[in-house]
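Reading through the structure tokens given below for one structure.
Side-chain atoms are counted along with the backbone in the values below, which use heavy atoms only and exclude waters and symmetry mates. Nothing here was measured: the structure is a model prediction, and the numbers come from that model. We name chains A, B, ... by the order of the sequence lines, and we start the count at 1 in each one.
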Amino acid sequence: MSLVLNEEQVFLKDSAKKFASEKTPTTHFREVRDSEIDNCYDDKIWQEMVSLGWTGILVPEEFGGSNFGVAGISSILEELGRTLTPSPLFSTAVVGVSLIKHASDDVKKDILTKVVQDGLRLCFAIEESNHHDPVKISCEAKKDGSNFIISGEKSFVIDGGFSDKVIVACRTSGEEGSKDGLSLFVLDSDSKGLTITATKMVDSRNAANMKFENVKIPSEKLIGKENDAYEIIESVLDISRAAISAEMLGSALQAYQITLDYLKEREQFGSKIGSFQALQHRAAIMFSELELCKSCVIESITSFDEGGNDSERLASLSKAKVGEVFHLISNESVQMHGGIGVTDEYDIGLYLKRARVAEQIFGDSNFHKNRYAELTGY
Amino acid sequence: MSLVLNEEQVFLKDSAKKFASEKTPTTHFREVRDSEIDNCYDDKIWQEMVSLGWTGILVPEEFGGSNFGVAGISSILEELGRTLTPSPLFSTAVVGVSLIKHASDDVKKDILTKVVQDGLRLCFAIEESNHHDPVKISCEAKKDGSNFIISGEKSFVIDGGFSDKVIVACRTSGEEGSKDGLSLFVLDSDSKGLTITATKMVDSRNAANMKFENVKIPSEKLIGKENDAYEIIESVLDISRAAISAEMLGSALQAYQITLDYLKEREQFGSKIGSFQALQHRAAIMFSELELCKSCVIESITSFDEGGNDSERLASLSKAKVGEVFHLISNESVQMHGGIGVTDEYDIGLYLKRARVAEQIFGDSNFHKNRYAELTGY
Amino acid sequence: MENLDQFRKETKEWLEENCPPEMRKPMGPGDVVWGGRNCKFPHPDAKLWLERMGEKGWTCPTWPKEYGGGGLSFDENKILQEELMAIRARPALSSFGIWMLGPALLEFASEEQKKKYIPEIVKGEIRWCQGYSEPGSGSDLASLKTKAEDNGDHFIVNGQKVWTSYADDCDMIFTLVRTGPQEPKHDGISFLLIDMDQPGVTTKPIKLISGKSPFCETFFDNAIVPKENLVSELNKGWDVAKRLLQHERNMIAGMGLGGAGSAKKKKDQTISSGMATMAKTYVGEEEGKLANAGLRQKIASFDINSHAFSLTMRRASEESKSSNSGPSPASSMFKYYGSESNKLRYELMLEAMGTKALGWEGEGFGPAELAITREWLRTKANSIEGGTSEVQLNIIAKRVLDLPQ
Amino acid sequence: MENLDQFRKETKEWLEENCPPEMRKPMGPGDVVWGGRNCKFPHPDAKLWLERMGEKGWTCPTWPKEYGGGGLSFDENKILQEELMAIRARPALSSFGIWMLGPALLEFASEEQKKKYIPEIVKGEIRWCQGYSEPGSGSDLASLKTKAEDNGDHFIVNGQKVWTSYADDCDMIFTLVRTGPQEPKHDGISFLLIDMDQPGVTTKPIKLISGKSPFCETFFDNAIVPKENLVSELNKGWDVAKRLLQHERNMIAGMGLGGAGSAKKKKDQTISSGMATMAKTYVGEEEGKLANAGLRQKIASFDINSHAFSLTMRRASEESKSSNSGPSPASSMFKYYGSESNKLRYELMLEAMGTKALGWEGEGFGPAELAITREWLRTKANSIEGGTSEVQLNIIAKRVLDLPQ
């Protein structure tokens, strides 16, 4: 795997950087947050992203996408993460698109084209408890002629509160906890029997609780094979874990930069506080940790496009390491800012809030450390 | 429990402090270490300890002891720990005596009197693997008329290389790992069929491997009831864990003091290195940790004498916390000394070596964290 | 000893008679009585209870009787607290006057000032807030810029304070102001008591990352302060401040408690860790053990440190009992460890609760869960307010360890 | 590309022909060839191998041909290293001349000096040691006191160095000496090459906590050094030293590798962690997982950091490949992280092995176990030698992060 981005990826990253600094600096996030819009994103911005082709980066060219790969979309997310840009890009263009790629040709054509052209919004309903667990699934889909009937509950559905389509992981056979017997379906979010409650999270984004009460769905909406979705789920989760790590890295880098700037500017006891050795050492350690994170992220995001055979483990490496470092940096940043760090007026606290939510997306550091150990054979 | 020593205990502590500084400063340890004596302790010093009554502190008055309690002997060990004083005091006067107190009257009278008067040396053979585990016992004692026949192996027997008597934990029934079926015996170290190999540890003390090959021992040498030794073992281990924590605390305090002195004296870049804020903060954190250790140790060592009902958990608290802090301090001390810290000529490295061995005695921090959680109900 | 038994008996009787039944019920968040000119009592009994306790001086049990305090000895106060606890009596009065200003006045104020202000604090007649920090001066408190100019029989004060808790509800503020701009910075500071009921003093609440807060910014725009409101000598306010900061540190340090060690033992000797019990409900258990091994290990470490810390608080109190030395530089250790520990407690709760601890408001979360999210954010200030952790470590290094400057 | 294929082919052939079979066997601890006037070869083939490799300049493959080096490009060298690896060839020569002095001479020395010293290094004819640290100057290297006085055509050197590795077996020492006591301390230092084969130079081995060591104290008592042995200008030695220190840091940083990430993948795609495999033999496993959950968690954290670190080393090399900038201040990061990581590796091994890792000598322990105990102690010096971790963090803070002084 290459540990340096190629020209195409650098280009995408640069344009995202420009976009974030011009159109979605953190003031944009604050506007959306403090507005009456429940969605917590700005549809105008979303349409601009769509017209830049970002929703099509993982979409094959035959459906209008650019197929620029996981490293491409992740590089964009990293830059958007710097300014905490709120948008359904991750849930739609990474998670949703990667799932739909396994659907039937008809479904693919229908949905992917709309994602690329109109910014159709997708979300993935998988979690059923307060901790990520891709096999702890009891939401049931029962075959009923040429239909399936879905019953059960889902929680922490990222961007689930305002999605157009929902992709849901159900149990079609086997016990809760088993890898066998999982199936994926795609359905409209306004399907009969589906109740969606958008929850407002501490990072001001939305995640949703969903309740399926005998939701009827035709067999054509099955993604992949019945009972056999586990591999698809894990492979899509790994792509998503790598991509969200990139976004988290962007946020961590920016929180660190803001703090570094503050250390160089704030005076106490007649000196810049950045001259105090204890703070210098902590800053230097964070720098080192961030360098390690950068390597994990780039190795991980390029591994999917380059067909590496260690993608699973690299995704866990990346999510575990970046999660831990973003956690550290979000705490240290607030502390180094002192009193103003805990006021809503300053941006640094926004990164702290985002850090904890992002840590939980598709497995926290504990989960991924454990998975890394298992994949390494102990 | 009192968190302040009483007068008697303060007196014992003060006389031990005087003893350590006058008779066994670290130069004494070095002499013994570099001499040809295999025992790694000085018999003259040992006899002085005996004549001061230290071996009798846990011995009831009827056998010539003073019965001054666990807090008394532990306070002495703390002071001896400061100068890394090598002696069989811990293995004899704490572990050995506490075990023998559960023996028959005849055995008690015989052994305890000799411990108090002549400094008879005792050791406890319990471990069978490289990690402490008081129920992982397969060394077997088979009943044979009025005798038992012992077969099996023991390792890491503290001071086992030069003991007069060995107390051995055997399995008389049940499976390895079971609490039931354990029995204790006391026997002479020159018993027929017993092979003792003294090992030289990194702290220059001795621990022994023991091989029992059909060692015959009369039933009267059973301590406590057959098959029922588990409770005795755990209660003695807890006393021993508390006492060794006190010794470790003494060593940690001294290693810290040596380092603090060095920080005030060593110059680099035209300043005392103790003026560098990064080192100051690390020193201040270690100070705080040591204060916590002091509280754990005193609460734990007084709990046995005052009949507290939380002694088990306090022993684990103390061993876990002091183990971790001594670990930290031994590492930080060497680092803060720089180059001379890793030379044999300076004392600080001796504390590092001692720290790791003491950490392993009757359970490392991992073991005791786990035990603390279990005793607390999770 | 006999006297103490007698005291216990009388106290028990007095409390039985005087503590209204309503005041023995558990408190809700709105039930704190802060006193002050516009005091809001949650219940008429709360007023009665404050009056009775204030009359006896038992809102400030150990303060001298001559200024309205209870005049109790260390041991008598221990008994009083035990008996209050026994009937689960609510605190009659909570106040920064009691916790912070009072002790400083007793040590530094003139006889007239003590006579005037201490009884008001004891009875809860005046509600005080603290005006130390300024926007430019955080840890470096002495760099404060709010200035008081001599104008004959009064000072004219101009400037701004931040982090003044409850300033918008308070009657008076005790402040540090610069009176000697020419002096080296510590020597030009004075300690002033300022009445907030005047046009020259205005306040504005501060919004925190955790949401609304009791903190305010307080602005002085030609505020008038009579000269008799100067405590200690002119330009000697720093000594008062230092002592007050130690009191504040001790207050905040106490928050680090609450792990397994401080858990109450039940009669059947089961000991439980609040954290682990809570975690079990969110991650489950296997054979009695917390299901997540990594989390279990972290909670055990936390509980051990918490236990050790609470023992250390107790040891310090036992040790100081005889020497009666008051707050020492070691209080920095408690402030440091306590606030870091409290932050860690909430991080662990978040880890245990997963997505359930990440709600902000609205549906999908229980009220207790939402409260934990907010409190987690609130704890981030623990290691900043009352002197940052870094400042505490500096103090330990210099004053306790005597390391070179 | 074609040229490279051709180069690979020729290299393969040459190695096949010239690398003696004995030199393709795994090395024991005594098999390192250090070169020098009194070089001890473990086997006659080692001498042959050194002569052949030295002749081609392949002991220093990328150094210029005109001074005896191999003159290879970056890519050619990569191929050479791959081919050497493929036949498991032993290094023909290990030397501080190659690792440290040579690159500095190529950058700073005069033409005459390069012509004289570089070929000797390439061929392993002279064994060099480094004389930087002094008893009073650890991290503050520039406070060194060893002085060189001008005495016409030579200097007279007096003073003492410590931590001179293998000084007792070396022929020459490159040193920093004070030539300008009047100057500010960095400006009065010169870089001198001193022949140790003279009565004025004596050495004494240093015993470490880990036992015997290659380190020595080196004493200069009126040692004579010809003026042509001065590298760079008089009083400009600090520039040479700084560059050399960066090389040293890079060398030591490499030691932090070796966790799961750097483990070789076998054909069947199983990936293994050396640490975990080792730990399993000492603490056992349950259903394929390391039996001790706490230790498993710690090893996973370590492996993750190790993996991330090795990726970062690789990334840095890929990034610098095009820019060819040589060691940067970021090398401090590698030195810091690598040495801390290596210390942690051994602490974890001790934790896994329990009492088995605590033997010093004699019966009861395997040779590998005893070696780990010693190496654990030896790693404590990793974060001290070549600039302490604290110094590295200072450098990052100042040079990389540009934080104020």
task: Specify the closest pair of heavy atoms between A/Phe287 and D/Val400, including all atoms of both residues, with the distance to one decimal.
output: CZ-CG1, 3.5 Å
- prompt: Contact part of A/Leu279 toward chain D, heavy-atom cut-off under 4.5 Å: side chain, backbone, both or neither?
  reply: neither
query: Could you go step by step and tell me if D/Tyr337 and A/Glu291 meet the side chain to side chain contact (heavy atoms under 4.5 Å, CB included) rule?
result: CA-CA 11 Å; D/Tyr337 216 100; A/Glu291 286 298 309; over 6 Å; no
message: For the OG atom of A/Ser295 and the CE atom of D/Met313, what is their distance to the nearest 0.5 Å?
response: 11.0 Å
- prompt: When rounded to the nearest 0.5 angstrom, what distance separates CD1 in D/Ile299 from NZ in A/Lys369?
  reply: 12.5 Å
task: Could you verify whether a donor N or O on one side chain and an acceptor N or O on the other, from D/Asn394 and A/Gln277, lie under 3.5 Å apart?
output: yes
task: Would you name the heavy atoms of A/Ala373 and D/Ala300 that are closest together and state the gap between them?
output: CB-CB, 4.2 Å
task: Could you grab the distance from atom NZ of D/Lys280 to atom OH of A/Tyr378, nearest 0.5 Å is fine?
output: 9.5 Å
task: Let me know if D/Glu285 has heavy atoms under 4.5 Å from chain A in its side chain, its backbone, both or neither.
output: neither
Value rounded to 0.5 Å, distance of OG in D/Ser273 from CG in A/Leu375: 13.0 Å
- prompt: Relative to chain A, which segment of D/Lys289 carries a heavy atom at a distance below 4.5 Å: side chain, backbone, both, or neither?
  reply: both
- prompt: Would D/Arg296 and A/Glu374 satisfy side chain to side chain contact (heavy atoms under 4.5 Å, CB included), going step by step from the backbone distance to the final call?
  reply: CA-CA 10 Å; D/Arg296 177 170 178 268; A/Glu374 267 169 29; 3.7 Å; yes
field: Least distance between heavy atoms, A/Leu317 atom then D/Ala308 atom
entry: CD1-N, 4.4 Å
query: Non-hydrogen atoms of chain D under 4.5 Å away: do they reach the side chain of A/Ala283, the backbone, both or neither?
result: both
message: Under 4.5 Å from any heavy atom of chain A, what part of D/Glu390 do you find: side chain, backbone, both or neither?
response: both
- request: Tell me, with the steps shown, if A/Lys264 and D/Asp402 meet side chain to side chain contact (heavy atoms under 4.5 Å, CB included).
  value: CA-CA 9 Å; A/Lys264 292 178 187 178; D/Asp402 197 27; 3.9 Å; yes
- request: Determine the option with the most heavy-atom pairs under 4.5 angstrom with chain D, choosing from A/Lys272, A/Lys321, A/His368.
  value: A/Lys321
task: State the NE2-OH distance between A/His281 and D/Tyr336, to the nearest 0.5 angstrom.
output: 9.5 Å
Contact summary for D/Asn305 and A/Leu292, nearest pair of heavy atoms: O-CD2, 3.8 Å
field: CA sep, side-chain torsions, deciding dist, call: A/Glu299, D/Arg315, side chain to side chain contact (heavy atoms under 4.5 Å, CB included)
entry: CA-CA 9 Å; A/Glu299 178 85 350; D/Arg315 182 165 63 87; over 6 Å; no
- prompt: Could you state the interatomic distance from CD1 (D/Ile396) to CD1 (A/Ile285), rounded to the nearest 0.5 Å?
  reply: 8.5 Å
